[in-house]
Amino acid sequence: PEHQQLIVDSGALSHLVNLLRRYKDSPTSRAVISVIRRAADAITNLAHENSSIKTRVRMEGGIPPLVELLEFTDTKVQRAAAGALRTLAFKNDENKNQIVECNALPTLISMLRSDDAAIHYEAVGVIGNLVHSSPNIKKEVLAAGALQPVIGLLTSCCSESQREAALLLGQFAATDSDCKVHIVQRGAVRPLIEMLHSPDIQLKEMSAFALGRLAQDTHNQAGIAHMGGLVPLLKLLDSKNGSLQHNAAFALYGLADNEDNVSDFIRVGGVQRLQDGEFIVQATKDCVAKTLKRLEEKIHGRVLNHLLYLMRVAEKPVQRRVAFALAHLCSPDDQRTIFIDNNGLELLLGLLGSTNPKQQLDGAVALYKLANKAMTLSPMDAAPPSPTPQVYLGEQYVNNATLSDVTFLVEGRRFYAHRICLLASSDAFRAMFDGGYREKDARDIEIPNIRWEVFELMMRFIYTGSVDVSLDIAQDLLGAADQYLLEGLKRLCEYTIAQDVTLDNVSSMYELSEAFHAISLRHT
């Protein structure tokens, strides 16, 4: 940058612009052609990523001769002139407007159809920079007939031109719904999907970008999936490139908006990929979460009927994928239909018997999800288990002085405990012993406001993972469980209390649920 500024401050621009005009001298020798080309290249390098010098070039009158040189007979000069215009147009609105006013668009669009890869690469780059963040210029570019030649570049032998063309189509499609449809109608989808298979990371990134913009139209969503776009986009979620991963996730978010795509999403294992993916940036994680939500909202009516059909007649791997997806996405109201009447439960249990550890894990996770959905509080239900699996010290260590390293004083009596067990049990004890509380290093800790039998039962749960909660102690134990953030114990207490809800006490029970954030009890 300091050399750019030094050269420009020394007055080079006016001389370079004069050299550009040498093409008007007749006849033009090879030496003059070489000088013109090098002058255009010099302007490109001087203005590269330097907004003030881009403006200086325009003020020195450099844009009109560069536009005229696009029609020069020598292809190297054409390329150099296009390269300079490409640089001058990047993020400079006044330069963009002057390039368009100089009637550059017809020539640039003709250059898009050139057989010379270097020519059409520079031309599509100029048009891309003109269009970027300039909706009015975009309209002019489309009106001038750029759409079809840009689509044609998707099948170019030049990967750089393919990449620029995909990026430009994404820009064309960003805001104009009609243009989204026209791009698809004119044949862009198939080459864009083929580009997703390229070994070139940037090519895949730009094609996913374009498909993501096109997938904001309902009919395009169905067309992209029908032409085979789903599987390669799902595979790109495994990429270690954050931008590529995000563009693929955004495109899948669009495809998930169409009911016709939901069965295909599930059939090819899309739900597993969305749930198992390791996503690099938060925006991608949010996008994937929204995609799963979109799919969940569509599991009803004809979509659910088709999935049930697949669960009956498809090949076994597809049947299992459908059962897995429905365990995660279906409404609790449809569970009996899916998993009992249509044997979905047998399919999930079948995954547990697989020799493939990943399938075993999928089956276990799906069954766990299904069990959580089915867990509503009524006299017919079993009491719920602890929601977080963990290792317990066991019954023999409850109030046992052996290896005890902390003692609680409850109603004047000593209760022997073990910090490691308490640390593993809840955030409340972690804060007590790891945080800045005075209890951190204390040997004896006094526990006020909790009865001995309540405290003993709470600790028994912490050491064993299960206790029998009787109705006479359940309300006090619920308060203690809420205070010490023991969610599993809370749920056991809520279950016991819920069995005793009557017309006479429903108001006080509701107040109890509000006081201790007992969501399941409140629901009952």
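Heavy atoms only: backbone and side chains are in, while hydrogens, waters and symmetry mates are out.
Side-chain polar atoms of Asp286 and Gln282 form a donor-acceptor pair below 3.5 angstrom. No hydrogens or angles considered: a donor-acceptor pair under 3.5 Å links the side chains of Arg186 and Gln148. Between the side chains of Asp9 and Gln5, at least one donor-acceptor pair of N or O atoms lies under 3.5 Å. For the residue pair Ser114 / His120, no side-chain donor-acceptor distance below 3.5 Å is found, with atom types taken as modelled. Checking Ser134 against Asn136 by side-chain atom types alone, no donor-acceptor pair falls below 3.5 Å. For the residue pair His48 and Thr87, no side-chain donor N or O sits within less than 3.5 Å of a side-chain acceptor on the partner. Between the side chains of Thr107 and Glu71, at least one donor-acceptor pair of N or O atoms lies under 3.5 Å.
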Quick one: do Ile201 and Lys204 satisfy side chain to side chain contact (heavy atoms under 4.5 Å, CB included)? Show the steps, please.
CA-CA 5 Å; Ile201 294 286; Lys204 289 191 282 197; 4.3 Å; yes
Between Asp238 and Arg273, is the salt bridge (charged side-chain N to carboxylate O under 4.0 Å, His left out) condition met? List the steps.
CA-CA 9 Å; Asp238 295 333; Arg273 280 188 177 270; 2.7 Å; yes
For Thr284 and Phe250: C-alpha separation, side-chain torsions, deciding distance, then whether side chain to side chain contact (heavy atoms under 4.5 Å, CB included) applies.
CA-CA 8 Å; Thr284 306; Phe250 184 73; over 6 Å; no
Would Leu304 and Leu326 count as a side chain to side chain contact (heavy atoms under 4.5 Å, CB included) here? Give the steps.
CA-CA 9 Å; Leu304 179 56; Leu326 289 176; 4.2 Å; yes
From CA spacing to verdict: side chain to side chain contact (heavy atoms under 4.5 Å, CB included), Phe339, Leu348:
CA-CA 9 Å; Phe339 294 100; Leu348 295 181; 3.8 Å; yes
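In plain terms, the two heavy atoms of Ala80 and Thr44 that are nearest each other are O-OG1, 4.3 Å. Taking all atoms of both residues into account, the shortest heavy-atom contact from Gln245 to Ile280 is OE1-N, 2.9 Å. For Pro65 against Leu20, the heavy-atom pair with the smallest separation is CB-CB, 4.1 Å. Leu203 and Met195 make their closest contact through CD1-CE, 3.5 Å (heavy atoms, listed as atom of the first residue, atom of the second, distance). Across Leu196 and Ser207, no two heavy atoms sit closer than the pair CD2-OG, 3.2 Å. When every heavy atom of Val322 is checked against every heavy atom of Ile266, the shortest pair comes out as CA-CG2, 3.6 Å.
With respect to Asp260 and Arg302, a salt bridge is recorded, a charged nitrogen being found less than 4.0 Å from a carboxylate O. By the 4.0 Å N-to-carboxylate-O rule, Asp41 lies too far from Arg38 to be salt-bridged with it. A salt bridge is absent between Arg320 and Asp362: the closest approach of a Lys/Arg side-chain nitrogen to an acidic carboxylate oxygen does not fall below 4.0 angstrom.
A distance-only check finds no donor-acceptor pair linking the side chain of Asn247 to the backbone of Ala208 [under 3.5 Å]. Panel note: side chain Asp334, backbone Cys330; no donor-acceptor pair is recorded below 3.5 Å. The closest donor-acceptor contact from the side chain of Ser10 to the backbone of Ala12 lies at 3.5 Å or more, if one exists at all. In terms of modelled atom types and a separation under 3.5 Å, the side chain of Thr55 and the main chain of Ser51 share a donor-acceptor contact. Side-chain atoms of Asn258 come within 3.5 Å of backbone atoms of Thr218 as a donor-acceptor pair (strictly under, hydrogens ignored). For the pair Glu164 (side chain) and Gly128 (backbone), a donor-acceptor distance under 3.5 Å is absent. A donor-acceptor pair is defined here as one N or O able to donate and one able to accept, closer than 3.5 Å; no such pair exists between the side chain of Asn261 and the backbone of Ala225. A distance-only check finds a donor-acceptor pair linking the side chain of Asp217 to the backbone of His219 [under 3.5 Å]. Using a distance-only test at 3.5 Å, with no hydrogens or angles considered, no donor-acceptor pair links the side chain of Asn50 to the main chain of Gln4. Side chain of Ser110 to backbone of Pro106: a donor-acceptor contact under 3.5 angstrom is found.
Residues Leu252 and Phe265 are in side-chain contact: their nearest non-hydrogen atoms beyond the backbone lie under 4.5 Å apart. Side-chain contact check for Leu367 versus Leu345: some heavy-atom pair is nearer than 4.5 Å. Side-chain contact check for Tyr121 versus Asp116: every heavy-atom pair is 4.5 Å or farther apart. Residues Tyr253 and Val288 are not in side-chain contact: their nearest non-hydrogen atoms beyond the backbone lie 4.5 Å or more apart. Two residues are said to be in side-chain contact when any heavy atoms from C-beta on lie closer than 4.5 Å; Leu66 and Leu88 meet this criterion. Counting heavy atoms from C-beta outward, Gln162 and Leu154 have side chains that stay 4.5 Å or more apart. At a threshold of 4.5 Å between non-hydrogen side-chain atoms, the residues Arg22 and Leu19 count as touching. For the pair Arg321 and Arg267, the minimum side-chain heavy-atom distance is 4.5 Å or more.
Asp115 CG: 12 or fewer foreign heavy atoms inside a 6.0 Å radius. Crowding of Arg190 atom CZ: a count of heavy atoms from other residues, nucleotides or ligands under 6.0 Å not exceeding 12. In the displayed structure, His300 atom NE2 is contacted under 6.0 Å by more than 12 heavy atoms of other residues, nucleotides or ligands. No more than 12 heavy atoms of other residues, nucleotides or ligands sit less than 6.0 Å from atom CD of Glu278. Within 6.0 Å of CG in Leu361 there are more than 12 heavy atoms belonging to other residues, nucleotides or ligands. Atom NZ of Lys358 is surrounded by more than 12 heavy atoms from other residues, nucleotides or ligands within 6.0 Å. Around atom CE of Met59, no more than 12 heavy atoms belonging to other residues, nucleotides or ligands sit under 6.0 Å away. Environment of CD in Gln360: crowded, with over 12 heavy atoms of neighbouring residues, nucleotides or ligands closer than 6.0 Å.
Here the straight-line distance linking atom CG of Leu255 with atom CD of Gln216 works out to 9.0 Å at 0.5 Å rounding. To the nearest 0.5 Å, the span separating NZ on Lys96 from CG on Leu85 amounts to 13.5 Å. If you take NZ on Lys298 and CG on Leu329, they are separated by 11.5 Å, rounding to the nearest 0.5 Å. Between atom CD1 of residue Ile127 and atom CZ of residue Phe172 there is a gap of 7.0 Å, rounded to the nearest 0.5 Å. Note that CD1 of Ile43 and CD of Glu60 are 9.5 Å apart. Values are rounded to the nearest 0.5 Å. In this structure, CD1 in Ile338 is found 6.5 Å from CE in Met311, a value given to the nearest 0.5 Å.
Below 30°, between 30° and 60°, or above 60°: for His306 and Tyr309 the angle between ring planes is below 30°, a parallel geometry.
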